[in-house]
Amino acid sequence: MKEVRIHGRGGQGGLTAARIVANAMLKDGKNAQAFPEFGPERRGAPVRSYLRIDDRPILLRTPVTAPDAVVVMDATLLERRDTVLGIKPGGLLVVNARECPKVAVSVAVRIAWVDAMGISASLFGRQIPNTAMLGAWCRVDGIVGQAAMETAIREWFPAKHAEKNVEAARRAWDSVQVADLAASATAEAAKGETAFAYLDDYPIVATAYPGEGGAGRTGSWRVTDPVVDSERCVRCGRCVTACPEGVVVLTEDGVTIDLMYCKGCGICALECPVKAIRSGEVGA
Amino acid sequence: MARNETPLVMPGNSSCAGCGAVLIARLVTEAIGPNQIMVIPACCMGAVATSFPKATFNVPVLRTAFASTASFLTGLEASAKAKGQEVTLVGFAGDGATVDIGLAALSGAIERGHSFVYICYDNEGYMNTGFQRSGSTPRGAQTSTTPGGALGRYKAEPRKDIAKIVAAHGIPYLATASPAYPADLTRKVERAVAVKGPTFLHIMSPCPLGWGFPSANSVELARTAVESGLWKLYELDHGVLRLSLSPKKRKPVKEFFAPQSRFAHLSDDVYEELQRAVDEEWTTIEKEGFSLRCETSRA
Ligand SMILES: Cc1ncc(C[n+]2csc(CCOP(=O)(O)OP(=O)(O)O)c2C)c(N)n1
């Protein structure tokens, strides 16, 4: 049996990717399972999906804890220890990243990376990296051939979206890179840890303490950046009160926005009465 | 670092981009200040309140079971009294937790007259678990349990009017508010804190993901709801009922519905019907004054 775990954020389409591969495998006469881990359904929240493939009927109904492959739709999720937890020796780690990501694993694996972010932004104008990640993953894993993968994508999406998604998978298929990743000493020390090992650092009561970045550096969720024109700004503070995240503040120089946490919702730009804020390209 | 030195709502929390509820939570907590204890049941803001081991609110928060916000407020009031502690007790709950499963506890706590500020942020559905219908979902909306089309019907029933239900208890202070009118919202929260006894705020909370609109439009949509006459801003202060705002020239209600994918199936006939209903309501208000009268039929 082959087991795959997909880590993403709500809205990135991880489950869809698992289902597309499962459909391709079913057509091939194999048995397959694709299902999400149910939890909060908020956009941006970390979510997992699982995929199992076998020649024999699959009776397991549990989450995948010892994956042959881990697909990471959002590189910021590598900050969480449980993302690579349990990956098998010689397994495959596929990450949405422009360069080879830095990640500590306790066993030697193959690591693959592809700029699914860039591919998705250029084709869809927003972050839906799933079909690009699918292309990269199928190529390096070899579970599904390119033609079967493209057929499965076309069958999944309505006609008007199909070709763009096939194109995303194709670009990733062509551009994915692979390297060997050795087991690291720090991760070696953490071997045998459970996903909840960090609880050891806290008293055994269900208490959480105020801290920023509970959901990580949420600035990475942005698909557009707020760009402030200080010349135009009349310092009315409308953007400050309208920002859900509370990351816009009025200073002597006008308005500043904490980009580490700004999720890029765009409310400040829309609410500004003098159009001193606009939504620009990320990182421009 | 570009922001408040000690924010009461921590940035980098797990709310969606453009979330109306977390904006309301920020406006409310900032209006009340640090001397408060919040009670949050299972709902989106319950999930946002903690990403263990980090907490989002910089004030004490008790997270309760889905139905028991008002029961916790009752117990906390007793405990604060016993300790001689002066602190504002704030219930912060979604519409499901308020108008559906938590209604009995809320009704009991208001009737017993405990002192608390109960905020219902109304995103018109069970959003945390994937956009199921609630008693507060408006008629005609598509939700995951009223999917419409070949899969079943859209929501056929009109929404429960929680503010009228609460008003019927003879509550000392009740108000509706909107994140698009932060000064009005802040003033009402401050008034609720000052009033002795139970107080209730019903606040419209746009949900980009559940309603299906771009995250940038959250506040604008909340404003359109008021400007079209759909969401009325008012308060009931010790029996005196006042509209906080009567839109002079009302926007067409279509401007509120059309940008949301949950209403994508509405035809122009339905828009005309909805427009007529709102127009009639406001004509009555202009003629006879604003009242919380209950219609006899659930049309
Ligand atoms: C007794 C019980 N039933 C169901 C649930 C699952 N649950 C958690 S949050 C939620 C929806 C909450 O809806 P609402 O109160 O409207 O708040 P929102 O999520 O929309 O913010 C449900 C059904 C639960 N926690 N407890």
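Every value quoted in this text rests on a predicted model; they were computed, and no experiment measured them. In what follows, chains are A, B, ... by sequence order, proteins preceding strands, each numbered from 1.
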| Which bit of Arg63(B) comes within less than 4.5 Å of chain A, counting heavy atoms only: side chain, backbone, both or neither? | neither

| request: Check whether any side-chain N or O of Lys263(A) sits under 3.5 Å from a backbone N or O of Gly12(B) as a donor-acceptor pair, and report yes or no. | output: no

| request: Compare every heavy atom of Ser215(B) with every heavy atom of Ile267(A), then report the nearest pair and how far apart it is. | output: CG1-O, 3.5 Å

| What is the minimum heavy-atom distance between Phe57(B) and Pro210(A), and which atoms define it? | O-CG, 3.7 Å

| note | Note: Cys16(B) and Trp221(A) closest approach over all heavy atoms is CA-CZ3, 4.3 Å

| message | Using heavy-atom distances under 4.5 Å, tell me whether Val240(A) contacts chain B through its side chain, its backbone, both, or neither. | response | backbone

| Among Asn58(B), Asn13(B), Val61(B), Asn217(B), which residue forms the greatest number of heavy-atom pairs with chain A at distances under 4.5 Å? | Asn13(B)

| task | Apply the test side-chain contact (heavy atoms from CB on, under 4.5 Å) to residues Glu245(A) and Met10(B): give CA-CA distance (whole Å), side-chain angles for both, the deciding distance (0.1 Å), then the verdict. | result | CA-CA 8 Å; Glu245(A) 206 66 20; Met10(B) 293 294 189; over 6 Å; no

| If every non-hydrogen atom of Gly18(B) is compared with every non-hydrogen atom of Cys265(A), which pair is closest and at what distance? | N-CB, 3.2 Å

| Are any non-hydrogen side-chain atoms of Pro182(B) and Arg238(A) less than 4.5 angstrom apart? | yes

| query | Side chain, backbone, both or neither: which part of Ala180(B) has a heavy atom under 4.5 Å from chain A? | reply | backbone

| said: Check this for me: Arg235(A), atom CZ, are more than 12 non-hydrogen atoms of other residues, nucleotides or ligands nearer than 6.0 Å? | reply: yes

| request: Return the minimal non-hydrogen interatomic distance between Thr241(A) and Leu27(B), and the atom names on each side. | output: O-CD2, 3.9 Å

| remark: Tightest non-hydrogen contact, residues Gly214(A) and Ser51(B), listed as O-CB, 3.2 Å

| Among the listed options Ala242(A), Ala215(A), Pro244(A), the residue most often paired with chain B at heavy-atom distances under 4.5 Å | Pro244(A)

